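Reading through the structure tokens given below for one structure.
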Amino acid sequence: MKEKLIHFFKQETVLCAALALAALSMFLVRPDAEYLSYIDFRTLAILFCLMGAMAGLQKTGVFQWIAQALLARVRKTRQLVWILVLLCFFSSMAVTNDVALITFVPFTFTVLDLIGPEARKRLTIPIVVLQTIAANLGSMLTPIGNPQNLYLYGKAGLSLGAFLLLMLPYACVSFLLIMLWSIVQSRAYNVPVEVSFREEIRLDRKKAQLAGYLVLFALDLLTVARVIPYGLALLLTIAGLLVLDRSIFARVDYSLLLTFVGFFVFIGNMGRLPVFYEFLQKIVSGHELLAGAAASQVISNVPAALLLSGFTENFPPLIIGVNLGGLGTMIASMASLISYKFVAREEPGMKGTYFRQFTFSNVAFLAVLLVFALVLG
């Protein structure tokens, strides 16, 4: 039993911290009817809907099918790196950074195995590091790219167009940085490349399911744009998953939803304590961008967004700060841990090398983008 609890804590550290903070705050503010007002049910509902639709699309194999089609004629290291990295960058805008990495990092190992042991040895670390950076940076462009964006988008009351325009300069600069760094890495780790898949992924038998999940995803987008009420979208998603594939419910990340609830309760209670509220407001107010980036390095960008949003009304710089703050340390974005786990499982002897290259690349990207943000702002 003790070992199971330790394992659960290691796997769900952020969830445990959120629930612990919520429980402690209850001693300071006794539970009452106002607790219900803490919970952002719209964010939770849309998150559930998105995770369900994305899990279904992932199960159909459509993302791997797209990747195979793109890699079919690759002959150069630079082309290989660009495709594998940009798949994460662009897909994360629609399917979230977590799903992009869960889908394309294992696919990368498969591709490198097909090319040969030399390619796997030389290219694994630089490609996976770049894929992780690309997923975290690509996802910042859209409200559905990551959980903190979805929450802050609703909290700030921005239109979809306003959000996209806010993050577009940073996404463009990130794209250029990724392309340049990919060229440098390709030259440093150049190997002969020829990808030939042993088994071609076919979608013929899954067309109905694929169409169904695409419809659910379209409903989610309309809900994010405030065209459809979130309650209706939730009901339609649940009904759709029951018809399409009930096993998808088990693939939803309920721990993330509970993490949000825990932080909602903690922030709500702290906001009712004048001393604590005034203290944090002084720290955050006027320094939202740097506060968001700095807090993300320690507690990751989702909890940082949830925590700091309760102590400022100036949301645009906070949105930028927590998104850029996903770079830096390995825990700055929880999505980064997904890549690390795959590397640790597939290449345990490379964990140290991966950590060093990850830290160097992330800090370098973060420094450049923060300077750009400060100049632009």
Side-chain angles (χ1 to χ4, degrees), residues 14 17-18 21 25 28 38 40 43 97 133 136-137 139-143 145-158 162-174 177 259-260 262-336 359 362-377:
V14 177
L21 288 171
S25 72
L28 301 174
Y38 299 164
D40 187 341
T43 296
N97 49 357
I133 292 172
N136 284 324
L137 290 177
S139 65
M140 71 181 173
L141 178 62
T142 66
N146 48 54
Q148 77 268 8
N149 273 4
L150 186 61
Y151 169 68
L152 291 174
Y153 166 75
K155 184 87 172 174
L158 294 172
F163 189 97
L164 293 174
L165 286 175
L166 174 68
M167 299 309 301
L168 184 60
Y170 303 96
C172 291
V173 172
S174 298
L177 290 174
T259 299
F260 267 73
F263 275 110
F264 285 149
V265 172
F266 173 70
I267 294 163
N269 282 336
M270 292 300 98
R272 293 168 68 179
L273 300 174
V275 174
F276 185 86
Y277 181 85
E278 290 171 9
F279 171 72
L280 261 184
Q281 191 177 43
K282 286 180 181 178
I283 294 176
V284 178
S285 184
H287 308 94
E288 288 85 0
L289 191 150
L290 292 178
S296 299
Q297 304 309 304
V298 183
I299 61 175
S300 96
N301 53 4
V302 174
L306 293 171
L307 177 62
L308 300 181
S309 66
F311 306 96
T312 181
E313 295 297 323
N314 190 15
F315 293 110
L318 180 60
I319 293 170
I320 296 167
V322 294
N323 274 288
L324 299 186
L327 302 172
T329 65
M330 193 166 287
I331 63 168
S333 169
M334 299 308 292
S336 299
T359 303
N362 270 261
V363 170
F365 270 76
L366 177 60
V368 173
L369 287 168
L370 278 178
V371 169
F372 174 73
L374 292 172
V375 171
L376 193 64

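These figures come from a predicted structure and were not determined experimentally.
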* To do: Search all heavy atoms of M167 against all heavy atoms of M140 and return the closest pair with its distance.
  => CG-O, 3.3 Å
* What closest approach, in Å, do S296 and G325 show between heavy atoms, and which atom pair accounts for it? -> CB-O, 3.4 Å
* Will you find, in the side chains of N136 and S336, an N or O donor that is under 3.5 Å from an N or O acceptor? -> yes
* Does the side chain of L324 come within less than 4.5 Å of I320's, by heavy atoms? -> yes
* Using the side chain to side chain contact (heavy atoms under 4.5 Å, CB included) rule, take L327 and L137 through it: C-alpha gap first, then chi angles, then the decisive distance, then the call. => CA-CA 8 Å; L327 302 172; L137 290 177; 3.7 Å; yes
* **Closest non-hydrogen atom pair, K282 against H287** => O-ND1, 4.5 Å
* Would you mind reporting whether L306 and F266 have side-chain heavy atoms less than 4.5 Å apart? => no
* Could you tell me whether the side chain of I283 reaches within less than 4.5 Å of the side chain of F311, counting heavy atoms only? => no
* **Partner residues of T142 under the side chain to side chain donor-acceptor pair (under 3.5 Å) criterion, sequence neighbours left out** => none
* To do: Would you indicate whether the side-chain heavy atoms of L158 and L152 approach each other to under 4.5 Å?
  => no
* Asked: Which heavy-atom pair separates A332 from G326 by the least distance, and what is that distance?
  -> CB-O, 3.6 Å
* Structure fact -> Nearest heavy-atom approach of N146 to S139 is ND2-OG, 3.1 Å
* Asked: If we only count heavy atoms from C-beta on, is the L369 to L177 side-chain gap below 4.5 Å?
  -> yes
* **Side-chain heavy atoms of T312 within contact of L318, under 4.5 Å** => yes
* To do: Evaluate the side-chain proximity of F315 to E313: yes if any heavy-atom separation is below 4.5 Å, no if none is.
  => yes
* To do: Check for a donor-acceptor pair, side chain of Q148 on one end and backbone N or O of P303 on the other, with a separation under 3.5 Å.
  => no
* To do: Apply side chain to side chain contact (heavy atoms under 4.5 Å, CB included) to N269 and Y38, showing your working.
  => CA-CA 8 Å; N269 282 336; Y38 299 164; 2.7 Å; yes
* Verify side chain to side chain contact (heavy atoms under 4.5 Å, CB included) between V284 and N314, making sure each step is shown before the conclusion. => CA-CA 10 Å; V284 178; N314 190 15; over 6 Å; no
* Could you check whether the rings of Y170 and F372 sit parallel, tilted or perpendicular, using 30° and 60° as the cut-offs? => perpendicular
* With L166, the side-chain contact (heavy atoms from CB on, under 4.5 Å) member among L141, N323, I319 -> I319
* Within the distance-only criterion (no hydrogens, no angle test), does the side chain of T329 pair as donor or acceptor with the backbone N or O of Q297 below 3.5 angstrom? -> yes
